[in-house]
Amino acid sequence: MFPLLFGAGLVVLNLVSSARSQKTEPLSGSGDQPLFRGADRYDFAIVIPPGGTECFWQFAHQTGYFYFSYEVQRTLGMSHDRHVAATAHTPQGFLIDTTKNVRGQINFSTQETGFYQLCLKNQQNHFGSVQVYLNFGVFYEGPEMDHKEKNERKQLNDTLDAIEKSTRKLQNNIFHMWRYYNFARMRKMADFFLLQSNYNYVNWWSTAQSLVIILSGILQLYFLKRLFNIPTTTDTKKPRC
């Protein structure tokens, strides 16, 4: 009985410690299979609860270039403060950079191989959640781009080398175009949610003003009508002068 309770306690402790963390890749492989390190770039949106923190891990090789950008698209709840705090840490846990704004970027060169930690904190809002769009990853220029295949490469002639160099340059240009496209997507979604919020605000405010105008008109008619009411007269009840 005691071993079962001990094992259940370990499972609950593990779940509690990792409840607010999300990793893009596993930390260890299994058996003869190689370690799966995930993709080199990600872009998605998350909702951070009031006062909450969300963390992600991205694997990167040494001498790479890491980029991380975010934008708060909208707020949910009573608070309307769109500022969040973003931090980036090395695989050893050292702080690289931090930013506290509605939108921001953290770019740096990777000096060591490992999992880099990215965290977003919704500390300003204690009564409202925020939806944040993320775009982060790592890319390599020159020979480091083909780090996984460097052991399988053979000597190429000058013509193939020139083709390879042009292809790599084209790939880098397409990658940077994709990054600018993501920036435009972030701004577009933020503007869309802002327009939607303004639209709902105008509709609700117009409806409330229309109800107030109709109610005031009904009350005015009621009181005006009472001014012209002529009381009925009888032998015992006559109007006084």
Correct closest heavy-atom pair for Phe66 and Gln58 would be CE1-CG, 3.5 Å
Given the options Phe68, Tyr70, Phe44, Phe56 meets ring-ring contact (aromatic ring centres under 6.0 Å, His included) only with Phe44
dist Tyr65:OH -> Phe108:CZ (nearest 0.5 Å) comes out at 9.5 Å
Legend entry - Flag side-chain contact, heavy atom, 4.5 Å: Phe139 against Arg41: no
Taking every heavy atom of Asp81 against every heavy atom of Gln124, the minimum-distance pair comes out as OD2-CB, 3.4 Å
Rounded to the nearest 0.5 angstrom, the CD1-OG distance for Ile46 and Ser129 is 11.0 Å
Value for OG (Ser210) from CH2 (Trp205), rounded to nearest 0.5 Å, stands at 11.5 Å
Can Leu215 be reached from Tyr222 by stepping across I, L, V, M, F, W or Y side chains whose heavy atoms are under 4.5 Å apart?
yes
Scanning both residues in full, the closest heavy-atom pair of Gly128 with Asn125 reads O-CB, 3.2 Å
Next on the checklist: Taking Val132's backbone N and O only, do any of them form a donor-acceptor pair with Gln73's side chain (distance below 3.5 Å, no angle check)?
Outcome noted: no
Side-chain heavy-atom pair His83, Val102 within 4.5 angstrom cut-off = yes
Exercise for review: Go through Leu118 and Phe136 one step at a time and tell me if the side-chain contact (heavy atoms from CB on, under 4.5 Å) criterion holds.
Suggested key: CA-CA 9 Å; Leu118 308 172; Phe136 62 91; 3.6 Å; yes
Check your understanding: Would you say Val72 and Arg103 make side-chain contact, with heavy atoms under 4.5 Å?
Key -> no
Shortest non-hydrogen pair, Gln131 vs Ala45, comes out as NE2-CB, 4.2 Å
Check whether any side-chain heavy atom of Val138 lies under 4.5 Å from a side-chain heavy atom of Tyr116, and answer yes or no. no
Is any side-chain heavy atom of Leu120 less than 4.5 Å from a side-chain heavy atom of Asn122? no
Kindly say whether Val130 contributes a backbone atom to a donor-acceptor pair with the side chain of Thr75 at under 3.5 angstrom?
no
Could you see if Val212 belongs to whatever hydrophobic cluster contains Trp204? Use Ile, Leu, Val, Met, Phe, Trp, Tyr and a side-chain cutoff under 4.5 Å. no
Does Ser216 reach the main-chain N or O of Ile213 with its side chain, forming a donor-acceptor pair under 3.5 Å? yes
Taken to the nearest 0.5 Å, the spacing of Ile48 CD1 from Lys121 NZ works out to 11.5 Å
Closest heavy-atom pair, Ala88 versus Leu95, reported as atoms and distance to 0.1 Å, is O-CD1, 3.5 Å
> Is Ser69 reaching over with its side chain to a backbone N or O of Gln105, donor-acceptor style, under 3.5 angstrom?
Replying inline: no
(Q) For Phe59 and Phe115, take the angle between the two ring planes, folded into 0 to 90°, and tell me which bin it lands in: parallel under 30, tilted 30 to 60, perpendicular over 60. (A) perpendicular
When rounded to the nearest 0.5 Å, the distance separating OH of Tyr42 from CG of Asn135 is 12.5 Å
To the nearest 0.5 Å, atom NE2 of His89 lies from atom CD1 of Ile96 at 8.5 Å
The salt bridge (charged side-chain N to carboxylate O under 4.0 Å, His left out) partners of Asp43 (sequence neighbours excluded) come to Arg185
